[in-house]
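Read through the structure below, which is laid out as structure tokens, and then see the notes.
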Amino acid sequence: MQAAERLGVPHISTGELFRDHVERATSLGARAANYMDAGELVPDHLTRAMVQERLRADDTRRGFILDGYPRTRIQAVALDALLEQLDRTLTAAVYLRVSDAELVNRLSSRGRDDDTPQTVRNRLRTFHRYNAPLVGYYGEAGLLHEIDGEGSPEDVAERLNGIFPGAAGFTTI
Ligand code: AMP
């Protein structure tokens, strides 16, 4: 069972929210599509507004799992400010550690439109440049949980369950 389901909180993936906008041909979708196709980050102000709207929804009251957000230090600072406004706190940041070779393997077998070799290479570059520094950011905040993301989805889920036995609001980076 996925962590969100087990904890009874919504799983909020910014990538999924963006793909939904693209599918529904919204103006946000039109603005995000080129970045997604290139494996680059959608500009922060667009991402922030979308996350803000989602976190304001009632179903996040008992907690939430953010997946793929924040992805930059600027987004992390924005998230802190947003949660403060909403009178909420982040209880944990989970870093699922996976080797580049395994990531390329996984991405190449998903069949998503933005999984071409060139886009995958770009996403990895973006990850190392922007996402990886968040490990330091959340480490300093005392929120970081680093777990081994290799192995089967069941193995990884079990490791995650060990960290979150009860309801929580956390982000994966
Ligand atoms: P994902 O499904 O997490 O791999 O995200 C797919 C694409 O959506 C990424 O390659 C980015 O173009 C965009 N995206 C998702 N989350 C973010 C974010 N937090 N900041 C900027 N762009 C994002």
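Order of listing sets the numbers, starting from 1, for every ligand and every atom in it. Small disclaimer: the values here were computed from a predicted structure and weren't measured.
- Residue, atom and distance of the protein heavy atom nearest to atom 23 (C) of ligand 1 are F18 CE1, 3.8 Å.
- Under a 4.0 Å criterion applied to the non-hydrogen atoms of Q75, ligand 1 contributes the atoms 18 (C), 19 (N), 20 (N), 21 (C).
- Nearest protein heavy-atom neighbour of atom 15 (C) of ligand 1: R71 NH1, 3.3 Å.
- When L17, I12, D20, L55 are each tested for a side-chain contact (heavy atoms from CB on, under 4.5 Å) with M50, only one passes: L17.
- For D80 and Y137, the side-chain atoms include at least one donor-acceptor pair closer than 3.5 Å.
- In terms of polar-atom proximity, G39 is not counted as a contact of ligand 1, lacking any N or O under 3.5 Å from an N or O of the ligand.
- If you look at T47 next to ligand 1, the close heavy atoms, those under 4.0 Å, all belong to the side chain.
- The part of E40 lying near ligand 1 is the backbone, judged by heavy-atom distances below 4.0 Å.
- T14 OG1, 2.8 Å is the protein heavy atom nearest to atom 16 (N) of ligand 1.
- More than 12 heavy-atom neighbours from other residues, nucleotides or ligands sit within 6.0 angstrom of CG on D148.
- Not a single N or O atom of Y69, backbone or side chain, sits closer than 3.5 Å to an N or O atom of ligand 1.
- Below 3.5 Å of separation, one finds an N or O of V42 facing an N or O of ligand 1.
- Each of the atoms 2 (O), 6 (C) of ligand 1 lies under 4.0 Å from some heavy atom of R19.
- The local environment of CZ in R110 is crowded, with over 12 non-hydrogen atoms from other residues, nucleotides or ligands closer than 6.0 Å.
- When side chains are defined from C-beta on, R123 counts as touching D115, because their heavy atoms get closer than 4.5 Å.
- Residue R97 qualifies as enclosed at atom CZ: its count of foreign heavy atoms under 6.0 Å is above 12.
- Nearest protein heavy-atom neighbour of atom 19 (N) of ligand 1: G68 O, 2.9 Å.
- Counted within 6.0 Å of CD on E150, heavy atoms from surrounding residues, nucleotides or ligands total more than 12; the atom is thus considered enclosed.
- When hydrogens are left out, the protein atom nearest atom 4 (O) of ligand 1 is R112 NH2, 3.1 Å; that is the closest non-hydrogen contact.
- L83 CG: more than 12 foreign heavy atoms inside a 6.0 Å radius.
- For ligand 1, the atoms sitting less than 4.0 Å from at least one non-hydrogen atom of R123 are 10 (O), numbered in the order shown with element in parentheses.
- In this structure, the protein non-hydrogen atom closest to atom 8 (O) of ligand 1 is M36 CG, 3.7 Å.
- For the 3.5 Å distance criterion, the side chains of T126 and E40 fail to qualify, holding no donor opposite an acceptor.
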